[in-house]
Amino acid sequence: MPTGQRTNEPPDETTEDLLAGMTEAQAKAVRHTEGALLVLAGPGSGKTRVITRRIAFLVYCGIPPWQILALTFTNKAAKEMRERVLHILGEQAAARGLTVTTFHALCARLLRKYATIAGLSGLDANFVIYDTDDQTTLIKKALEELNLSTSNWQPRSVLGRISNAKNELVDAETFASMADDFNGRMLAKIYAAYQKGLRAANAVDFDDLLVLTAKMLKTNAEVREDCRRRWRYLMIDEYQDTNKAQFVIAALLAGDKDPNICVVGDPDQSIYGWRGADIANILDFEKQYPKAVVIALGENFRSTKHIIGAADHLIRNNTLRKHKDLFTSNAMGEKIEVTICRDEHHEADLVVDWLKIRKGEALRADEAPAWKDMAVFYRTNALSRVVEDALRTEGIPYIIARGTTFYQREEVKRALAYLRVVANAADDVSLGRIINMPARGIGDTTLGKIEAWAGEHNLRLFEALGRTSAGHGVEIGPKAATAIAKFVQMVDGWRGVAPPTPKDHLTLEGAEEIRGSLASLVERVVAESGLEQMYRKGRTETDEERIENLAELVSSAAEFESNYSPESDPVVDVAMAATMPAVGDDRSAGEAAIGTLGLLRAYLERVSLVSDSDAIDPTQGAVTLMTLHAAKGLEFAVVAMIGLEERILPHSRVQENPKELEEERRLCFVGITRAMDRLMMTSSRYRTVRGLTERAIASRFIDELPREHVSISDQSEWNEAGWDGDRSDRPAAARRGGGGGSDSTSRGSVTDSRGQRLSVGVRVRHPQFGIGEVVSVNGGVDARAQVKFREVGIKTLVLQYARLELISG
DNA sequence: CCAGTCGCTATTTTT
DNA sequence: TAGCGACTGG
């Protein structure tokens, strides 16, 4: 046990409250505060509950909150955890200094804080985080320098290789020493050039955040000790998704003298292997910390027996796993409904119909689900479009979990590029993006000249621009020279320093740096850069939208500013935090601590680290659409999973490799176990990918689901001979024929796709459900009938697809 | 210097 | 299909 606080048991009544309604295993995990603890938490086993209560328990035990560090993978998870802890503790002051954040955000903050003393190969505290686009630009530059063509060395794949290396903590030198063929040696050169480019731009990529932090903690005892002194209780969520760099960071933060480290995860939900996540981290935890206590939470409180049974059966097909029993005492529920569809449009229609029916049906809690309780999952983003269209036509509200889209918009990206240049004068990539946007007479020719000159003189582009405008740089025409001078002056104006000095570091006491709020700076940049003007000139709808988005960016900055609390900023020390006013007391607290430029950097950092799942807002009354990856950690009463086909789930890139196949199966497992009450899974006979319609084969995962928990219904009208009927061989054409859904709104009778008239009382035969009697009909574009079947009871059928056969009438 | 068009090609998941 | 790069005409 570390020196310092002895743990005192909290008063009994408090403890009782905290542990109320918990299982023995859950309570044990909450009470186990000292030493290493591994919680193997199956889906729906109350994991988040355990973590949040454990944090509260620690605080009740007298541990100062600022000594507790909880790490997650997404901002959303961190936010939720923080809120839930605050809720339990009742007041914010009780949680003062508690750190709940993501790995990446923590690393960014630590790097900023210790940049100076750790000497991060030239990186200073003002660094920016490069996104994928920036990385691509940079890698292209590197390739150009090395005279390599982007067709032989595809930026995407090169970046992937570099990223893999970084995830394994292999730096450029090591990579070079390991290279044993031409390819490897070239890659090593590209890697080195890319790193050089990053450092020159005072930039890091996502992987660097982890790599540099791991390196810093490993090599710099002062930093390491500083961190260990502060954080004595470490908790890590989704531990199965940690990669080597994260593993090392965790181990170094924890220290090796019986650390208080609690990791929570589920090997069966590891779905980030492609990002370097290593299940061995969680599987070998007990080897790493021999004294570790292991607690397994297997009981599922979320889903019905059918869902859990199917999920359990499916995941047993994985061989590389540690088996853990999944069970629930929840109701049996309904079987999982697997539906075979004709094509993606048919699939989308059936899913939407299914959701609509669920909307009007009571679930186990006796309440009909709202749209917000429903979700549609898919393997790849491209699959979402058709479902979106179908939902839109039906007027069903939906949201797509794609948090990054806002910041990816052209106009927002441009504004952010301006801000990044303001925040970091060395960022040539961003500067290149905006220097002539809007057009201000600094074209490719001029820029090329200055870039070359800057290269020769070992200067950053902005510096070279400054000298050129002052007449000490390149020979250029007077027109261009004026344009450049104006530009430089503008940017310097925003920085509030002219000429730029290297000394505008993040300072805690830099009160002289205060000059207006972040939001007003953003507003100024949007207006003075000419971006706003540029889009105002256009009169199209998209232009108007762009103006609105720029306004939205300003409000997002304002919001960030008002929520910013130096207390929750790991950069700000404990001592500092103690003297800080309480959160929300003083809006200028953050600004006073780090200055407008510091705030700007913090804002840009947040923007860089938003993730798709951060966009999920359960308070919106809408169906949520998201990838299976984004679905992890969430739950919905009603779930539809689409695209259960070979080459999609499992993905085509994966088919041969058994290890990756198992990850695809885990992905499927994650999807299934998100559903509380009802689950539909669809597979299409044909699917159009990139404009090409191709035959698809139902996913092997469907075959792996046990029949006792699953009902399969083939709605594809497809048999061994091909497509039924005489319409066409092409499913798309068949669909466009209208499918025959009658538009008649006649009461009591309706015409189906085969021209049969159906009315109440008529007897029909259905290929799956057998013989039944029509109990009601609904006209309209998607005419449907409720049919009471002998075997299966009342079903609502969409006539367009139902293939009903008239028996009498 | 700029904007628009043509043609080619790549296909996952995301902090 | 879409997104990007190269090319061309104003």
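On a predicted model such as this, the values are computed, not experimentally measured, just so you know. Proteins come first, then strands; the chains are lettered A, B, ... in the order of their sequence lines, and each starts at number 1. Below, each value reflects all heavy atoms present in this structure, side chains not excepted, and no hydrogens, waters or symmetry copies.
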Q.
Judged by each residue's nearest nucleotide on DNA chain B, which is more toward the 5′ side, A:Val689 or A:Ala439?
A. A:Ala439
Q. Rounded to whole angstrom units, what separation is found between the CG atom of A:Leu209 and the C1' atom of B:dT14?
A. 14 Å
Q) A:His651 stacking on B:dT13: centroids under 5.5 Å, ring planes under 30°? A) no
Q. Is any NZ, NE, NH1 or NH2 atom of the basic residue among A:Glu662 and A:Arg321 found under 4.0 Å from an Asp or Glu carboxylate oxygen of the other?
A. no
Q | Given DNA chain B, 5'-ward residue of the pair A:Gly441 and A:Leu210, judged by closest heavy atom | A | A:Gly441
(Q) Taking the basic N atoms (NZ, or NE/NH1/NH2) and the acidic carboxylate oxygens, is any pair closer than 4.0 Å for A:Lys244 and A:Asp278? (A) no
Q: Would you confirm whether the ring centroid of A:His104 sits within less than 6.0 angstrom of the ring centroid of A:Phe73?
A: no
Can you list, pair by pair, the side-chain donor-acceptor contacts under 3.5 Å of residues 428-442 of chain A, counting residues two or more places apart and other chains?
residue	atom	partner	partner atom	Å
A:Asp428	OD1	A:Leu461	N	3.3
A:Asp428	OD2	A:Arg460	NH1	3.4
A:Asp428	OD2	A:Leu461	N	3.4
A:Ser430	OG	A:Asp427	OD1	3.4
A:Ser430	OG	A:Asp427	OD2	2.6
A:Arg433	NH1	A:Asp134	OD1	2.5
A:Arg433	NH2	A:Thr137	OG1	3.0
A:Asn436	OD1	A:Arg440	N	2.7
A:Asn436	OD1	A:Gly441	N	3.3
A:Asn436	OD1	A:Ile442	N	3.2
A:Asn436	ND2	A:Ile442	O	3.2
A:Arg440	NH1	A:Tyr418	OH	3.3
A:Arg440	NH1	A:Ile434	O	3.0
A:Arg440	NH1	A:Ile435	O	2.7
A:Arg440	NH2	A:Tyr418	OH	2.8
A:Arg440	NH2	A:Ser529	O	3.0

Q: Using the C1' atom on both, measure C:dG5 against B:dT12 and round to a whole Å.
A: 24 Å
Every protein N/O lying under 3.5 Å from an N/O of nucleotides 2-7 of chain C:
residue	atom	partner	partner atom	Å
C:dA2	OP1	A:Arg385	NH1	2.9
C:dG5	OP1	A:Lys140	NZ	2.5

Q) What is the distance, rounded to the nearest whole Å, between atom CZ of A:Arg653 and atom C1' of B:dA10? A) 10 Å
Q | Side-chain donor-acceptor contact under 3.5 Å, A:Asn167 with A:Asn243 | A | yes
Q) What is the distance from CG of A:Leu628 to C1' of B:dT14, rounded to the nearest Å? A) 14 Å
Q) Are the charged groups of A:Lys47 and A:Asp237 less than 4.0 angstrom apart, N to O? A) yes
**Q.** Pi stacking test for A:Phe103 and B:dT15: under 5.5 Å apart, planes under 30°
**A.** no
